[in-house]
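To start, the structure under review is shown below, and the notes come after it.
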2 protein chains.
Amino acid sequence: MSIGPKQALYAAFASVARALGSQHRLEIVEHLAQGERGVESLAERVGLSIANASQHLQHLRRAGLVASRRDGKYVLYRLADESVLGLTAAISGVAERHLAEVDRIRRSYFDDRDGMEPVSREELLRRTREGLVTVLDVRPLDEFEAGHLPGAVNIPLSELEARLAELDPDQEIVAYCRGPWCVLSFEAVAALRARGFKVRRLEDGLPEWRAAGLPVEGA
Amino acid sequence: MSIGPKQALYAAFASVARALGSQHRLEIVEHLAQGERGVESLAERVGLSIANASQHLQHLRRAGLVASRRDGKYVLYRLADESVLGLTAAISGVAERHLAEVDRIRRSYFDDRDGMEPVSREELLRRTREGLVTVLDVRPLDEFEAGHLPGAVNIPLSELEARLAELDPDQEIVAYCRGPWCVLSFEAVAALRARGFKVRRLEDGLPEWRAAGLPVEGA
DNA sequence: ACATCATTCAATTAATTTATTGAATGTAAC
DNA sequence: GTTACATTCAATAAATTAATTGAATGATGT
């Protein structure tokens with residue numbers, strides 16, 4: 001018995017969904033949204049062995065979600081196109097609206113008592129035009145160099161405590177990182193607030209900024 | 001060692017993706033996009049045992065993709081909200097663009113030699129205002145009754161051959177069914193073309209029409 | 001051409017997920 | 001209250017998928 005077109009199509013669609021049905025692969029996708037990356041550095045950041053990370057990348061590639069190219073001895077992976085970002089946003093959007101678990105996590109970890117409500121892209125654009133705001137990128141240096149918001153200052157979260165002097169205590173700060181659920185900017189806001197800085201988070205990260213067609217510097 | 005918020009969040013997001021990572025569950029979602037449905041009739045249409053369909057529905061509910069309510073002795077399931085349709089569209093969009101398999105299926109089954117290019121919603125709206133077109137809904141009667149395009153005629157695909165007399169051979173026909181990948185309208189177009197009718201497919205189905213905010217009749 | 005080394009493949013084991021069955025639950029009708 | 005019946009739960013076996021390891025591949029640079 002031959003399978004009909006409907007079964008074959010749904011099998012193909014399901015393979016795309018299954019490819020994103022893994023914690024590790026979602027995290028890999030978030031990192032690739034920042035820019036191209038090799039297997040080794042991805043493996044390190046996601047906390048997987050190289051062989052294991054390679055497997056997951058193959059899986060993502062078979063599902064059409066990532067593409068790769070060789071550069072010298074390295075193979076660099078990237079997202080297949082910007083619609084992959086839209087797909088992950090759709091997933092987290094459904095999760096955010098309908099999973100009690102997500103709400104619980106937000107409440108317990110991303111405590112938003114002290115005005116943790118994010119700044120929208122539009123608002124940030126207005127404020128930067130008026131020169132009223134320091135835009136702070138708390139991602140690692142290499143991600144910053146691969147592209148960042150115009151005029152942004154880079155202080156990776158891990159170096160934040162040591163480099164407080166670089167920030168003007170009198171100006172408002174807007175921090176951002178990899179995406180709407182990236183923890184770096186949450187922690188940066190908490191740390192800077194504790195030291196008296198006036199700081200808020202951008203509602204999402206660099207990939208969404210770029211996807212919205214806004215200008216990116218240093219790419 | 002406690003897991004961080006990042007791991008917990010990604011686990012939640014992955015569970016949403018995994019819930020759609022099954023042929024059967026994707027098909028269930030397509031049916032639910034037409035309107036509320038009970039376990040038994042869903043099981044029958046998707047070709048699963050009742051207990052198995054119930055399991056899949058629980059899985060979808062845990063992932064926040066469907067909701068349910070009781071009506072008498074029946075439990076009726078529905079999509080959690082219209083963003084679920086956007087999520088499945090994002091999945092099929094990626095698959096369509098990047099999976100060679102999908103292209104192959106389209107070529108071999110949905111042969112578009114004879115001008116099979118679909119009619120857009122906008123074009124259909126224009127043509128119906130001019131009264132130039134018969135809108136044909138080829139879904140089963142109960143789905144038609146749960147909501148259909150304004151002025152549409154319902155002839156389920158299974159009855160099409162027997163009810164050809166109801167169609168005006170001189171007027172152009174636009175056929176639609178459950179969604180962009182629903183096979184019913186493809187087959188209806190092929191069958192009607194073979195009999196000399198001038199017929200094309202709508203680019204997608206009723207759920208997308210409704211999601212676009214266009215008027216729906218009989219709901 | 002050879003040595004080096006990042007990456008992928010292949011094979012094994014462990015872990016999850018699926019389908020299936022029969023029993024349990026809960027609502028409606030009598 | 002009891003019966004009938006749709007649905008869900010629980011338990012099992014079958015199937016699929018994930019992680020891990022060591023070997024193979026293939027491009028680079030000398």
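Chain naming here is simple, since letters A, B, ... match the order of the sequence lines and numbering starts at 1 in each.
For A:Tyr10, there are no ring-ring contact (aromatic ring centres under 6.0 Å, His included) partners at least two apart in sequence or on another chain.
Atom-to-atom, CD of B:Glu40 to P of D:dT8 comes out at 12 Å; the value is rounded to the nearest Å. For the pair A:Arg18 CZ and C:dT16 P, the computed distance is 17 Å after rounding to whole Å. Look at CG on A:Leu60: it is 15 Å from C1' on C:dT8, rounded to the nearest Å. Summarising the geometry, the separation between OH on B:Tyr74 and P on C:dT25 is reported as 22 Å, rounded to the nearest angstrom. Rounding to whole angstrom units, NE2 of residue B:His59 and P of C:dT17 are separated by 7 Å. The distance from atom NZ of B:Lys73 to atom C1' of D:dA6 is 7 Å, rounded to the nearest whole Å. One can place NE2 of A:His56 at 14 Å from P of D:dT17, the figure rounded to the nearest angstrom. A:Gln23 has its CD atom 15 Å from the C1' atom of D:dT17, to the nearest Å.
Comparing A:Ser49 and B:Val75 against DNA chain D, the residue whose closest nucleotide sits nearer the 5' end is B:Val75. Nucleotides of DNA chain D nearest to A:Ala51 and B:Leu76 differ in position, and the one nearer the 5' end is that of B:Leu76.
The shortest distance between the side-chain N/O atoms of A:Ser54 and the OP1/OP2 oxygens of C:dT7 is not below 4.0 Å. OP1 and OP2 of C:dA6 both lie 4.0 Å or more from every side-chain N or O belonging to A:Tyr77.
Checked options A:Leu141, A:Asp137, A:Leu136, A:Leu164; the residue passing with A:Ile155 is A:Leu136 (criterion: side-chain contact (heavy atoms from CB on, under 4.5 Å)). For the pairing with B:Arg45, the salt bridge (charged side-chain N to carboxylate O under 4.0 Å, His left out) check across B:Glu30, B:Glu143, B:Glu40, B:Glu27 returns one residue only, B:Glu143. Of the residues B:Arg210, B:Arg121, B:Arg178, the one that meets the salt bridge (charged side-chain N to carboxylate O under 4.0 Å, His left out) test with B:Asp204 is B:Arg121.
Aromatic rings from A:Trp209 and A:Tyr176 are positioned such that their centres are separated by 6.0 Å or more.
Among the protein residues, A:Gln55 comes within range of the nucleic acid bases, having at least one heavy atom under 4.0 Å from a base atom. Heavy atoms of A:Gln58 sit under 4.0 angstrom from primed sugar atoms or phosphate atoms, though from no base atom.
Set against C:dT8, D:dA27, C:dT18, the side chain of A:Arg70 has D:dA27 as its closest nucleotide. Taking every side-chain heavy atom of B:Ser22 into account, C:dT18 is the closest of C:dA19, C:dT8, C:dT18. Between D:dA19, C:dT8, D:dT21, one nucleotide has an atom nearer to the side chain of A:His24 than all others, and that is D:dA19.
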